[in-house]
Amino acid sequence: MASIPSKNVWIRRQQCPCGDWKCYVSCEGEGEETSVAAELVKSERVSSEAMVSPYVGMVFKNDTDAFEYYGNFARRNGFSIRKERSRLSPQLGVYKRDFVCYRSGFAPAKKKPIGENHRDRKSVRCGCDAKMYLSKEVSEGVAQWFVVQFSNVHNHELLEDDQVRLLPAYRKIHEADQERILLLSKAGFPIHRIVKVLELEKGIHGGQLPFLERDVRNFVQNRKKIVQEHDALLNEKREIDTIELLETCKATKESDEEFVYDFTVDANDKVEHVAWSYGDSVNAYDMFGDVVYFDTTYSSITYGLLLGVWLGIDNHGRTIFFGCVLLQDETPRSLAWAFQTFIRFMRGTLPQTILTDLDPGLRDAIRSELPGTKHVISRWNILSKVSSWFSLYLGPRYAEFKSEFDLLYSVESSEDFEIRWDQMVSMFGLVSDKHLDLLFSFREYWVPSYIRGCLLAQMATSAYFKAVDTFLKGVFSAQTCLRSFFEQVGISANFQSHEHQEMQYLQLKTNIPIEEHARSILTPFAFNALQHELVLAMQYAASEMADGSYLIHHFKKMDGERLVMWIEDSEQIHCSCKEFESSGMLCRHALRIFIIKNYFQLPDKYYLSRWRRESSLALSDGHGIESNDGHWFHEYQRLTETLFAESSITKERSEHVHRELMKEITRLLNEIRRMPESDGVAAMDLTESPNAVCNGDRRRRQTKETDEGGRTHTIISKRCKVIDRGGPKLNVIKSIWKIRKRMEIIFN
């Protein structure tokens, strides 16, 4: 009986966007997952001198180690081995082992069946006497195995390195390859094409897999019945788990009104697609939804579902979660529904820019459903496929090709790009290559000269995509069903939104007034980016033109001049590099002009709200904050932001806040823990003075939790006002009130 997978297995999608169903890609950075063949090839190159030949008296901890050692020795010397005989005793168990050459002994004679066509296979056994015999001895309770006989004399020809790996003993299909073979077979791939796909994915030449085509054929035939039983069980699991997922979404909606979800059903009333988002995500989108990345990297083998995740970046440079969708397929109808649902979740607001992978289906869906949104394919998504497409084909010329391809990103104009492109294609003989044709047809989505000035908000960087990959891998950690996956998405999304931002001391590097002013306005992430441009601005000279514009050039580099337009009356500045339009932060060229013009601080309009400190997402327990009861928390969060901003100005301030604030919070925490928990007092509203706080009448649920020291603490699930008018807890309120006031005056 077949068994269904115990885990929901997610894999990177490998279908090539060129549209050829037989073409697959493997992304750079996945080498560690597909390196079995490479390791085998590497081991073959190790010379036999690097390994000591077995000898009489050689000692092993157990017979398994001995067999492995002799097997490695045999592989390096052109033969394989097998286990011949063993001897057993009541006292020692197995105490003798005989390992022999695979051609040892002779095959017994077989009678041919009458009336049947029988294939008479010639035996490989020829009476070879190569062997290694072992005996076990126990001394002071410790067992050891000794080589008692060894012979390396063969009566047959030993094989070369490229032949020995084809012996049956070394032709093994590893578990990862088994899963891939079954998946490709299910998709309709013929056996020879499956072998070709595996070779391409591993980046090896034909015939270098650790198994043969006939091994793949035998494996598929033997597993065919098991696969059919497996699929039947899997279909049943999909239906049950999908219904359970919808019930979980419904329950979440009942407990959190701001949670949103939707789904579709097919003609048989079975669930097709499911999408969901959280109140915090919708609120974050209002603030940081100008640029969105829609990731479709992963799909589930277990459920046959494509995962789509909408992500963004906040003012601290952190990845934030906007929404999630599970799709049964990638048809235009399905992708259109996904985008329609997401925009509905986000209250009808379209992003300025959306980044996706290279995919014709996504391009068409975005054109249809997001007509006012700029579609961009990042450099990261392009370069991750280039190696898979061209490294094997070009061989030793691939490094040269990669250098030429990278230079395309520095071309300034569209006309120059097309000239350089034609030169590169001719140089490497790729005039009719389908992958280059695909890239060229998508040039308006990834070539810098076409997308320059498009808002990307620091998201089209390798650092951001590595953060995205880390986020997704956290989501995929050991789910057993869709409900567990749903819960893990919520945990990861909540963690990203509430990730603690360390208080940083931001040191000045130029000591000019613009830098000092920017430090008090921008988050550390944004300030570091602007500071980097300010430092580089000092290396540029400006030449004023007759029309009042400026040519900015580096003091060493002769090329790369930039034209900066300056309109003094309205304090408007425009640079030909369009960095401000792209990242939302001024470039070194524009900053050079402000320095020349003796500006002590940048005009306010050049500090976009998405990069300001006050734009930080307010933390909350759970998704969403009730407007009345959560007001004190917003006030606390605002004061904390101010505290961090003021303390980051000097190292002395930063150290003072860290020292004093830690003492106050520790004292308050200890005071709370000493108080009784049975008086029914709930949370407190600090928007009023201590006397006014104690007038509410709302209660909230409490649960208890015990820490490592055995102390029991009350965990409160909903915010509400205090109903107790006196007693020790009023002292806590007054203490918090004092901290709040102290925070306001600590730097005055």
Side-chain angles (χ1 to χ4, degrees), residues 279-293 310-322 346-355 372-374 453-461 464 496-499 501 504 506 514-534 570-575 578-587 590-591 594 599 601-620 624-625 627 630-631 633-646 648-649:
D280 280 353
S281 299
V282 176
N283 294 332
Y285 184 85
D286 289 340
M287 198 174 299
F288 304 113
D290 45 7
V291 185
V292 172
Y293 172 52
W310 288 278
L311 301 164
I313 189 171
D314 71 1
N315 55 342
H316 291 282
R318 299 172 299 197
T319 304
I320 49 177
F321 174 86
F322 291 141
M346 300 300 124
R347 303 165 182 160
T349 304
L350 273 64
Q352 293 184 42
T353 307
I354 185 167
L355 291 89
T373 299
K374 177 65 177 177
C454 176
L455 181 61
L456 299 175
Q458 301 285 336
M459 285 174 59
T461 63
Y464 179 76
Q496 291 296 120
S497 299
H498 298 175
E499 183 180 0
Q501 186 66 28
Q504 301 180 32
L506 303 175
I514 289 177
E515 183 185 18
E516 186 173 356
H517 178 248
R519 182 173 62 175
S520 65
I521 295 177
L522 300 175
T523 63
F525 173 79
F527 173 74
N528 287 335
L530 184 69
Q531 186 183 57
H532 176 71
E533 295 297 311
L534 271 172
S570 57
E571 293 185 318
Q572 292 187 39
I573 196 164
H574 303 279
C575 181
K578 297 188 177 180
E579 176 64 25
F580 181 74
E581 291 82 355
S582 175
S583 68
M585 286 178 276
L586 286 174
C587 62
L591 290 171
F594 279 115
Y599 270 71
Q601 61 186 50
L602 298 176
D604 194 60
K605 60 187 172 185
Y606 292 114
Y607 293 120
L608 296 189
S609 60
R610 74 151 11 262
W611 298 126
R612 290 174 178 255
R613 291 178 180 267
E614 62 264 25
S615 298
S616 297
L617 294 170
L619 305 182
S620 63
I625 297 178
S627 58
H631 182 68
F633 187 86
H634 285 296
E635 182 70 7
Y636 168 77
Q637 199 271 343
R638 184 188 66 79
L639 290 171
T640 303
E641 287 288 337
T642 304
L643 178 67
F644 283 1
E646 293 287 345
S648 65
I649 294 177

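Throughout, residue positions are numbered sequentially from 1 according to the sequence presented.
- Separating the NE2 atom in His316 from the CZ atom in Phe288 is a distance of 7.5 Å, to the nearest 0.5 Å.
- Within a 6.0 Å radius of NZ in Lys578, no more than 12 heavy atoms belonging to other residues, nucleotides or ligands are found.
- Atom-to-atom distance recorded for Ile514:CD1 and Leu530:CG is 8.5 Å, nearest 0.5 angstrom.
- Residue Phe580 comes nearest to Lys605 through the heavy atom pair CZ-O, 4.1 Å, listed as atom of the first residue, atom of the second, then distance.
- Taking both residues in full, the closest heavy atoms of Gly372 and Leu350 are given as N-CD2, 4.3 Å, listed atom of the first, atom of the second, then distance.
- To the nearest 0.5 angstrom, Ser609 atom OG is 8.0 Å from Asp290 atom CG.
- Between the side chain of Asn315 and the main chain of Arg612, a donor-acceptor pair closer than 3.5 Å is present.
- The closest donor-acceptor contact from the side chain of Thr353 to the backbone of Leu456 lies at 3.5 Å or more, if one exists at all.
- With Tyr285 as the partner, the ring pair (Phe, Tyr, Trp, His ring centres under 6.0 Å) test is satisfied by one option alone out of Trp310, Phe322, Phe321: Phe322.
- With respect to Met585, the side-chain contact (heavy atoms from CB on, under 4.5 Å) criterion is satisfied by exactly one of His532, Gln458, Glu533, Glu579: Gln458.
- Side-chain N or O atoms of Arg613 include one that pairs as donor or acceptor with a backbone N or O of Arg519 at under 3.5 Å.
- For the pair Leu602 and Leu591, the minimum side-chain heavy-atom distance is below 4.5 Å.
- Annotation: side chain of Met346 is in contact with side chain of Val282 (closest heavy-atom distance under 4.5 Å).
- The closest side-chain heavy-atom distance from Tyr606 to Ile573 is below 4.5 Å.
- Aromatic ring centroids of His517 and Tyr607 lie under 6.0 Å apart.
- Scanning all heavy atoms of the two residues, the minimum distance from Val291 to Ala457 falls at CG2-CB, 3.9 Å.
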Determine, stepwise, if the pair Ile320 / Asp280 fulfils side-chain contact (heavy atoms from CB on, under 4.5 Å). CA-CA 10 Å; Ile320 49 177; Asp280 280 353; over 6 Å; no
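- Residues Ile313 and Arg610 are in side-chain contact: their nearest non-hydrogen atoms beyond the backbone lie under 4.5 Å apart.
- Ring geometry for Trp611 against Phe525 counts as tilted: the plane angle lies between 30° and 60°, on a 0 to 90° scale.
- Summarising the geometry, atom CG belonging to Leu534 is positioned 7.5 Å from atom CZ belonging to Phe527; distances are rounded to the nearest 0.5 Å.
- In this structure, Asp604 CG and Ile521 CD1 are separated by 6.5 Å, a value rounded to the nearest 0.5 Å.
- Nearest heavy-atom pair across Ala460 and Leu355 is CB-CD2, 4.0 Å.
- A side-chain donor-acceptor contact under 3.5 Å links Tyr464 to the backbone of Gly312.
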Decide side-chain contact (heavy atoms from CB on, under 4.5 Å) for Arg347 and Asp286; before the verdict, give the C-alpha distance in whole Å, the side-chain angles of both, and the deciding distance to 0.1 Å. CA-CA 9 Å; Arg347 303 165 182 160; Asp286 289 340; 2.5 Å; yes
